[in-house]
There are 2 protein chains.
Amino acid sequence: MKIHRKLARESARDFALRVLKENIISLELKPGTVISENELATELGISRTPIREAIIELSKAYLIEIYPQRGSFISLIDPKMVDEARFLRRITDTAVIEAACDEIDEKGIALLEDNVSLQEFYLSKGMTEKIFDLDNQFHKDIYEIAKKDIIYEIHSTLMIHFDRVRNLSVETVKDFKVVGDHRNMLEALKAGDKKTAAELVNKHLNRYQIDEKEIRNQRPEYFKS
Amino acid sequence: MKIHRKLARESARDFALRVLKENIISLELKPGTVISENELATELGISRTPIREAIIELSKAYLIEIYPQRGSFISLIDPKMVDEARFLRRITDTAVIEAACDEIDEKGIALLEDNVSLQEFYLSKGMTEKIFDLDNQFHKDIYEIAKKDIIYEIHSTLMIHFDRVRNLSVETVKDFKVVGDHRNMLEALKAGDKKTAAELVNKHLNRYQIDEKEIRNQRPEYFKS
DNA sequence: ACTTGTACACTTGTATACAAGTGTATCTGT
DNA sequence: ACAGATACACTTGTATACAAGTGTACAAGT
């Protein structure tokens, strides 16, 4: 497991949570991996308590399974879980971008404009690895513009189910299309065009329609049923 | 605070969680009430650890606010939070009942039929206090029929924001309309009529459009801003 | 060979001890 | 009387000790 440095004012619990999330998303912690509170505590240089609190939180998002007195492990990829996450993301993103069309102002436009410009820059320079974070930030910004930031926060951990499957099917060839989507969404937001914005969100999410069968063939041991 | 008995195979953490949730929903624990891990531990007859784990979970759903080294309290009613919860419930319930129209089978119909019949029975006998749980179960069943039970689970704690405001504006006169809504939804589900089902969900949720101004006048100390 | 029991090395769950920070009440000096 | 220092009684955060359950390895007896 990759362990980053504990930040300055970061509590031990938040540290553990951050490290675990990052490693689950990046598949450094593979689905099915057995984890132990004691081991993690030693590895991160903190006690069991904050580790345990982080593990409990992730188990509530179905990212870790805890079997009392027996052990815990990183949840296997559960197609039903991934489906529900995708379903939820689709309906929420759609409704939120429509709300954002009503709520957006100059400041919001500037925020998104900066983000998309940067994405276009990195794309033109071929630095596509920089786009991942900007992509996430773009969507988070839209939630904040629509005044739905708590919904974003609540859903964010759940979307890790989605993210780690995406990371199993890396097709960076799609990057330029994704950036184009963002540009188009921004234009629709500027114009207050809900219908187009909603359509774009749907088209955008369709790009992440991963080929479950292929991934499952490659990594059957990562899957649940 | 009302403390129920700890169930047989219930862990101390789940016990604490259940008691806290129930008391927050029922407003036995009023918005703004200061709580202390030590006090709760004594009161529930368990140690700080499981109490603390429950409090952390509720703080993640914004139902409790924790100020390190200073104290914790039951979150005040935050209109923005209530709005987001209602927004989320509306879009999710709508999408889920549409999905249920496609997925429902004989077994699902029987499940809902039993529930609604019971609601109608209690309503005719004037035992409207029994309807609350059946109402919740009805919606949960629809999520399960649509194979979206994890979404229900994830959202359930968040909807407490909604529930406790509902409990501040008790207008039981609406009960019979609610039961009628359920009957109509069931018929739409049987017919696989997505459009009608979605409209019914919206109409149904509009009944819970609480008069925030009035509640705020009555109980200004419960509100945030 | 096989079954059965048993010790042991793990696991998570819970309780408790200690660390560190905050706010208040009180005491002290001016 | 008032200002400031200080002790103290809280709070949550973290570490650690102990409880209880599980599975495995292994030895003893049949």
Side-chain angles (χ1 to χ4, degrees), chain A residues 1 3-21 23-24 29-76, chain B residues 1 3-21 23-24 29-76:
Chain A
M1 194 175 70
I3 300 165
H4 303 66
R5 203 57 61 54
K6 182 174 160 185
L7 301 176
R9 295 172 306 285
E10 191 177 39
S11 71
R13 167 156 54 95
D14 288 340
F15 173 53
L17 200 54
R18 182 169 58 82
V19 170
L20 282 170
K21 275 188 188 173
N23 279 281
I24 291 173
L29 281 173
K30 304 185 200 326
T33 305
V34 172
I35 57 175
S36 148
E37 293 177 0
N38 272 317
E39 273 184 34
L40 287 172
T42 309
E43 204 168 356
L44 298 194
I46 58 182
S47 77
R48 262 188 71 205
T49 304
I51 293 280
R52 177 176 168 74
E53 289 168 351
I55 288 178
I56 290 172
E57 176 167 351
L58 292 173
S59 80
K60 298 285 177 179
Y62 302 90
L63 286 164
I64 291 178
E65 287 191 35
I66 303 174
Y67 290 87
Q69 275 73 46
R70 291 200 282 155
S72 306
F73 61 88
I74 307 298
S75 294
L76 292 168
Chain B
M1 194 175 68
I3 299 165
H4 303 66
R5 208 44 75 49
K6 182 173 160 188
L7 301 175
R9 294 173 306 285
E10 190 178 40
S11 71
R13 167 156 53 96
D14 288 341
F15 173 53
L17 200 54
R18 182 169 58 83
V19 170
L20 283 170
K21 275 188 189 173
N23 280 281
I24 291 173
L29 282 173
K30 304 184 200 323
T33 305
V34 171
I35 56 175
S36 147
E37 293 177 359
N38 271 317
E39 273 183 33
L40 288 172
T42 309
E43 205 168 355
L44 297 194
I46 58 181
S47 77
R48 262 188 70 205
T49 305
I51 292 280
R52 176 176 168 74
E53 289 167 351
I55 288 179
I56 291 173
E57 175 165 351
L58 292 173
S59 80
K60 297 285 177 180
Y62 302 90
L63 286 165
I64 290 178
E65 288 191 34
I66 304 173
Y67 290 88
Q69 274 72 45
R70 292 200 283 155
S72 306
F73 61 88
I74 307 298
S75 295
L76 292 169

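Proteins come first, then strands; the chains are lettered A, B, ... in the order of their sequence lines, and each starts at number 1. This structure is a prediction, so every number in the text was calculated from the model and none was measured.
Both R48(A) and S11(A) sit near DNA chain D, but only S11(A) has its closest nucleotide nearer the 5' end.
Under the 3.5 Å distance criterion, the side-chain polar atoms of T33(A) are left unmatched by any main-chain donor or acceptor of I74(A). Side-chain atoms of S72(B) do not come within 3.5 Å of backbone N or O of I66(B) as any donor-acceptor pair.
Nucleotides of DNA chain D with any atom under 4.0 Å from a heavy atom of chain B span, from 5' to 3', dT11(D) to dT14(D).
Within 4.0 Å (heavy atoms only), T49(A) reaches at least one base atom of the nucleic acid. Nucleic acid contact class of I56(B) (heavy atoms, under 4.0 Å, all strands): none. Within 4.0 Å of I51(B), counting heavy atoms only, lies no atom of the nucleic acid at all.
The local environment of NZ in K60(A) is crowded, with over 12 non-hydrogen atoms from other residues, nucleotides or ligands closer than 6.0 Å.
In this structure, CD on E37(B) lies 4.5 Å from CZ on R48(B), to the nearest 0.5 angstrom. Taken to the nearest 0.5 Å, the CD1 atom of I3(B) stands 8.5 Å off from the CG atom of L40(B). Note that CZ of R18(B) and CG of N23(B) are 10.5 Å apart. Values are rounded to the nearest 0.5 Å. Rounded to the nearest 0.5 Å, atoms OG (S11(B)) and CG (L17(B)) are 8.5 Å apart.
The residues R13(A) and E57(A) are annotated as not salt-bridged, no charged nitrogen and carboxylate oxygen being separated by less than 4.0 angstrom.
Over its full length, the helix from dA1(C)-dT30(D) to dT30(C)-dA1(D) turns its helical axis through 30°, comparing axes from the five pairs at each end and rounding to 10°.
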